[in-house]
There are 2 protein chains.
Amino acid sequence: MTRPRSFDETTVLHDAMDAFRRSGFASVSIKDLGDATGLTSGSIYNAFGDKEGLYRAAFGYYIDAVIRRRIETYLGEANDLDGLEQLFLSLLCAPESDEHGCLLTNAAVEFGAQQSVASEGLAEGFAMLEAAIRRVIERQIGGGQVDLLVAKLLLLYQGILVLIRAGRNVSACPAVIRSEFEQLRKLLP
Amino acid sequence: MTRPRSFDETTVLHDAMDAFRRSGFASVSIKDLGDATGLTSGSIYNAFGDKEGLYRAAFGYYIDAVIRRRIETYLGEANDLDGLEQLFLSLLCAPESDEHGCLLTNAAVEFGAQQSVASEGLAEGFAMLEAAIRRVIERQIGGGQVDLLVAKLLLLYQGILVLIRAGRNVSACPAVIRSEFEQLRKLLP
DNA sequence: CTGATTCTGTATCGATTATTCTAGAATAGG
DNA sequence: CCTATTCTAGAATAATCGATACAGAATCAG
């Protein structure tokens, strides 16, 4: 019993995610989100509570459907440097390269360190990303410089997504990535 | 003839710059800007035209008083790797490290590649930053990998400012910077 | 079919927004 | 002192915001 939803939640979250990636949280209105998802404001509030609820849901979807998925695709069970290099190179293709950027990076910059609607997602997303990088570095290289190497790659990751978002020329990025991983391979035991 | 302004423009631009660094453009209201600067909305509109005019002025002030100044402080006429390394290390102190981040990075992420109130400042700021890095690399290292090395440092720069803004642990960053410049010094002729 | 339940669509609300308007204050030139 | 000019302060405005209210539609259990 009860009227069924007229929309597919995954599709709606995907559309909302794109809207938030394009415009951030503050600059997108409920009307914009309605246009992007095809829902009316009534349905949005009924399904997600409020604008923050939709943002949290879309951010969670991004972490799962984009970040976790990318990690699994490129690292899988191998967790090796080659896979991690391919992961970095993939940032320059889809979907981050579509000028909307990465929702994790965008949210980190929009909301900063203060408690916000994005805090939970930011903590989860950064932890997931750093853990994936650390897994590879620790497994393949190890030693006392793991923290250094993990930080270096995390910085590179964020830097790439800023330049993509800014629409800057990223043609030199693949070479930077390959150069970085070449150096990492020299540290292989 | 005519009533003089009751405020110091540099002070006002500094305060507005901090407000925009903290909250971005969309999330800060004229009322917020009035509170931050001590001006009434009447004075803001009289002096800067509108909110975008104040943003443009504050962004221009940031590029001149922060970015250009930092470049001159650390590179000066020497334009050597040591100065550039100190410049990078200084990002982890003041004023960027105060959790507000860099207005250039923040604006790049907030507005993206589309035409916006920040477009002009973004183009100028990125060009100034890249030119300063390129000056050092070309002068001290040169060769066919200049583009690669410039891109690598620009990526590192943006990455650092994202992590600072996000309030992430940046304790490993100095070591990353020193490691990066150690490698660059190996390329010195 | 009936009734209970949940969803949809839209009208509407109060709050907030950027901006304009305006009256008065402050200065300099004459 | 007087007047022209520009600034300041804050009230007023229209638009937009997120959120709510509510009537009707859609479903299913019985």
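Computed over heavy atoms, backbone and side chain alike; hydrogens, waters and symmetry mates excluded. So that the names make sense, note that chain A is the first sequence line, chain B the second, and so on, each numbered from 1. These numbers come from a predicted model, not from an experiment.
Looking at the side chain of A:Tyr45, the nearest of the listed nucleotides C:dT8, D:dA19, C:dA18 is D:dA19.
The CD atom of B:Glu52 sits 17 Å away from the P atom of C:dT17 (whole-angstrom rounding). A:Phe7 has its CZ atom 15 Å from the P atom of D:dT27, to the nearest Å. Atom pair B:Phe48:CZ and D:dT8:C1' shows a separation of 14 Å (rounding to whole Å applied). When the P atom of C:dC7 is taken as reference, atom CG of A:Asp8 falls 15 Å away, rounded to whole Å. Put simply, CD on A:Glu9 is 14 Å from C1' on C:dC7, counting in whole angstrom units. Between B:Leu54 atom CG and C:dT19 atom P there is a gap of 11 Å when expressed in whole angstrom units. Computed from coordinates, the B:Ile44 CD1 to D:dA9 C1' distance equals 12 Å when rounded to whole Å.
Here B:Ser6 lies in heavy-atom contact (under 4.0 Å) with sugar-phosphate atoms only. Nucleic acid contact class of A:Asp50 (heavy atoms, under 4.0 Å, all strands): sugar-phosphate only.
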Please write out the pairs of protein N or O atoms and N or O atoms of nucleotides 26-30 of chain C separated by less than 3.5 Å, giving the distance to one decimal.
residue: C:dA26; atom: O4'; partner: B:Arg3; partner atom: NE; Å: 3.4
residue: C:dT27; atom: O2; partner: B:Thr2; partner atom: N; Å: 3.2
residue: C:dA28; atom: O4'; partner: B:Met1; partner atom: N; Å: 2.6
residue: C:dA28; atom: O3'; partner: B:Met1; partner atom: N; Å: 3.1

Under 3.5 Å between N/O atoms: give me all the protein pairs with nucleotides 11-13 of chain C, atom names plus distance.
none

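Contact annotation: A:Ser43 does not reach the phosphate of C:dC7 (side-chain N/O to OP1 or OP2, under 4.0 Å).
Of the residues B:Leu187, B:Val136, B:Ile133, the one that meets the side chain to side chain contact (heavy atoms under 4.5 Å, CB included) test with B:Leu149 is B:Leu187.
Classified by interplanar angle (parallel below 30°, tilted 30° to 60°, perpendicular above 60°), the ring pair A:Phe20/A:Tyr55 is perpendicular. Ring geometry, A:Phe88 versus A:Tyr157: the interplanar angle exceeds 60°, so the pair is classed perpendicular (tilted spans 30 to 60°).
Evaluation of the salt bridge (Lys or Arg N to Asp or Glu O under 4.0 Å) rule for B:Arg178 yields no partner, not counting sequence neighbours. With sequence neighbours excluded, the residues that form a salt bridge (Lys or Arg N to Asp or Glu O under 4.0 Å) with B:Asp147 are B:Arg134. By the ring pair (Phe, Tyr, Trp, His ring centres under 6.0 Å) test, A:Phe126 is found to be paired with no residue, residues two or more places apart in sequence or in another chain being considered.
Under 3.5 Å, the side chains of A:Ser43 and A:Asn46 contain no donor-acceptor pair of N or O atoms.
Residues of residues 23-36 of chain A having a heavy atom closer than 4.0 Å to DNA chain D, listed by number: A:Val28, A:Ser29, A:Ile30.
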